[in-house]
Amino acid sequence: TGANVSLRITDEFMAAVENNSTFIQQWPIDSQEPKVTQVINARELWDEIVDCAQKRGDPGLLMWDNITRNLPSEFYKGFESLSTNPSLRGDTKVW
């Protein structure tokens with residue numbers, strides 16, 4: 001109770017959802033040599049995300065490529081968005 005769960009969604013993932021194709025999950029996310037990878041059906045995961053959001057109100061979605069394309073910090077050399085800052089009320093603010 002009181003937690004806020006959000007998922008980092010990329011344009012690549014959404015394209016895989018639209019095309020009903022596979023998507024490779026990996027950790028670390030931006031690594032050229034990830035330690036963990038898993039191939040999933042993007043549409044199946046999307047359907048599960050939507051179902052959970054409708055039933056429980058979480059997870060929220062961070063459309064990450066839109067965020068990094070449009071946030072002012074992305075236009076200043078040396079700054080980039082790395083995470084979000086949830087408030088005590090559970091609202092998600094992107095910095």
> Say you draw a straight line from CG of Leu62 to CZ of Arg8; how long is it, rounded to the nearest 0.5 Å?
Replying inline: 9.0 Å
>> As an exercise, state the distance from OG1 of Thr22 to CD of Gln38, rounded to the nearest 0.5 Å.
In response: 12.0 Å
>> Under the rule for side-chain contact (heavy atoms from CB on, under 4.5 Å), what residues qualify as partners of Glu18, not counting sequence neighbours?
In response: none
>> Does this structure show an ion pair linking Arg69 with Asp65, if we count only N-O contacts that are shorter than 4.0 Å?
In response: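 Answer for the salt bridge query: no.
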>> Going by salt bridge (charged side-chain N to carboxylate O under 4.0 Å, His left out), name the residues that satisfy it together with Lys35, two or more places apart in sequence or in a different chain.
In response: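 Result, salt bridge (charged side-chain N to carboxylate O under 4.0 Å, His left out) vs Lys35: none returned.
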> What heavy-atom pair brings Ala42 and Ala16 nearest, and what distance separates the two atoms?
Replying inline: CB-CB, 3.5 Å
>> Is it true that, when you exclude Gln25 itself, more than 12 heavy atoms of the residues, nucleotides or ligands shown sit nearer than 6.0 Å to its CD?
In response: yes
> Cluster partners of Trp46, using ILVMFWY side-chain heavy atoms under 4.5 angstrom, listed by chain and number?
Replying inline: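 Once heavy-atom contacts under 4.5 Å are chained together, Trp46 belongs with Leu7, Ile9, Phe13, Met14, Val17, Phe23, Ile40, Leu45, Ile49, Val50, Leu61, Met63.
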